[in-house]
Structure formats: structure tokens, C-alpha cells
Amino acid sequence: MAVRFSLTVAILLAALGVSRGAWNVSSSETEGSAVAGIEHRRIGLTDTASSEDATLDLAVFSMKSATLRVVDNPNGDYDLAAVMRRSRGVAGVNGGYFDPENAPVGLLVADGKLIAPLRKARLLSGILVVTKTRIELLRSSEYSSRKNAIAAVQCGPFLVEGGKPVAGLNDTRPARRTFVITTGGERAAVGFSSTVTLAQLGDILATAELKVQRALNLDGGSSSAFWFAGERGVFSVPEQKTVRDFVIVTPK
């Protein structure tokens, strides 16, 4: 698929969306979508200590304009691109963990239907919860079924909490990553990163001027995928294997 942008490249950090820190911004590209309040940001960064490079692709949206939906893929019939073409989605990523039989691992709710129950496991430390009015990232211990979730995915680990990178994240196994972030305001995003460790990704997301309050890791590695329908075409990074479910951005 073509990768095309209506680009605005800014040097000033205030325009880039990422603040100074160990990871400095080297480039930033922004493209809108057909839906007001939803945009694709591609941000290149360099670690000043190691000179390593990383790239983030973010589908950033206002909760006033859009929400998140979980799409179940029980038989593995569809990839992310096919799901996006079949839905009203503007952007999307892969979802949570699953076992070798393609059964979801952890809480999964799609279109208001409970597909898999909450599980207690160290890795499954957080839950993306979507209700009629809110999108939240909760610790698994904070979750209650009384929230009447329209969509939910249990995954982990948490990458950012309270605006700071979570301590103790693994820093030895680099891989492609996908994630969900929420801010202290009315914005949220789904995202994809180039090959980094969990600790590196936590540091990167915590430096963002998006004012990230919480960030939750989704299934990564060969499951990682990102799709965005921009003003001038589709940007797509396909998954490398079949996945169980997807998290997509849809207009309200």
C-alpha cells in the first residue's frame, strides 16, 4: 500500500509533540483523516546516550470525535487491513494476547459481549476499557464488571503510569510494539513502535508532550500491526501472523 502524507515537519519541540529527554525528536510528520479530530503522527527519535533510533506511529484522536472498538477474530479469518476495510474504522492496531489455539488470554469484550473472563496474571496487569462515555486504562485490580464495558482488552505490562515510565520493565528483548495511551484530557491514541525494548518504549512515551498519563502494552513482536486511512491514502504496517482481535478507532 502507498505511504503518503500531507506533511508538516517541525523542528521546534513544541510542534513535534515530544519533549526533550534521553530520547530526542529527529523528525515529525502529521496527516489528518476524513474525520475531524483523528490524525496520524509519525515521530522519529534518537537516544542521546546510545544513538539508537526509534519510530512511533500514533493514531491520535479526541474522545469527543471518536472512540475505540474491539473486533474479535475467533477463526483468524481476517488481517487488520481486511478488518479496517469491512468497518467504519479510521485507524487500528492488533489487540491482546492469545494462546496457540487462538483463544484469548485475559478479559476480552467486543461489541458489549463478554468473550473471555478476567484473569489474574503478572503479565496481564492492565485493561483497556471502553464505555459509552469514556476510554480508560485500568490496573486489573481496578476493574469492575459494573462499568458495563462496550469493549475491553486485558493485556500488559503498563508502560507509563502517572505520566512516568513504569520501573522494572524488561530492557533486554527488543521487538516491534503496539500500545494504547490516554492523557489527562480528552485525547487518546493507539500506536506502533519500531523495534525497542519495553523499558525504552516506556521512556519514549513518558517524554511525550501529549501528556501521557497511562500507556498499556498490547501484544507485540510478529503480532504488531498498524493501519491508518489518511487524507491522501492508507498507511499500513501489516502483522506477520494471524491474531485473535483488533483495537480500532471509529468516529462517534
| note | What one should report as the nearest heavy-atom pair of I127 and A152 is CG2-CB, 4.2 Å
| message | I'd like to know if K241 pairs up with E239 as an ion pair, taking the criterion as any Lys NZ or Arg NE/NH1/NH2 lying under 4.0 Å from an Asp or Glu carboxylate oxygen. | response | no
| field | Heavy-atom closest contact (S236 atom, P238 atom, distance) | value | O-CD, 3.8 Å
Using a 3.5 Å cut-off and no angle test, enumerate the donor-acceptor pairs between side-chain atoms of residues 153-162 and protein atoms at least two apart in sequence or in another chain.
from : atom 1 : to   : atom 2 : distance (Å)
Q154 : OE1    : L107 : N      : 2.8
Q154 : OE1    : R119 : N      : 3.1
Q154 : NE2    : R119 : O      : 2.6
Q154 : NE2    : L124 : O      : 3.2
Q154 : NE2    : S140 : OG     : 3.3
E161 : OE1    : R139 : NE     : 3.2
E161 : OE1    : R139 : NH2    : 2.6
E161 : OE2    : R139 : NE     : 3.4
E161 : OE2    : R214 : NH2    : 2.7

| message | If you apply the rule side-chain contact (heavy atoms from CB on, under 4.5 Å), what do you find for R187 with V212, and how did you get there? | response | CA-CA 9 Å; R187 290 191 298 175; V212 173; over 6 Å; no
| message | Could you report the tightest heavy-atom contact between V249 and V190, atom names first, then the distance? | response | CG2-CG2, 3.9 Å
| Can you tell me if D57 uses its side chain to pair, donor with acceptor, with the backbone of G191 under 3.5 Å? | no
| field | Pair listing, side chain to side chain donor-acceptor pair (under 3.5 Å) test, anchored in residues 125-137, at least two apart | value | R134-E186, E136-K147
| query | What heavy-atom pair brings V35 and P251 nearest, and what distance separates the two atoms? | reply | CG1-CB, 3.9 Å
| query | Run the side chain to side chain donor-acceptor pair (under 3.5 Å) check on D53 and T46 step by step: do they pass? | reply | CA-CA 4 Å; D53 294 323; T46 301; 2.8 Å; yes
| field | Residue pair G96 / D219: nearest heavy atoms and the distance that separates them | value | O-CB, 3.6 Å
Which donor-acceptor pairs under 3.5 Å do the side chains of residues 60-71 make with protein atoms, sequence neighbours left out?
from : atom 1 : to   : atom 2 : distance (Å)
S62  : OG     : K64  : N      : 3.1
S65  : OG     : A36  : O      : 3.3
R69  : NE     : D111 : OD1    : 3.1
R69  : NH2    : D111 : OD2    : 3.4

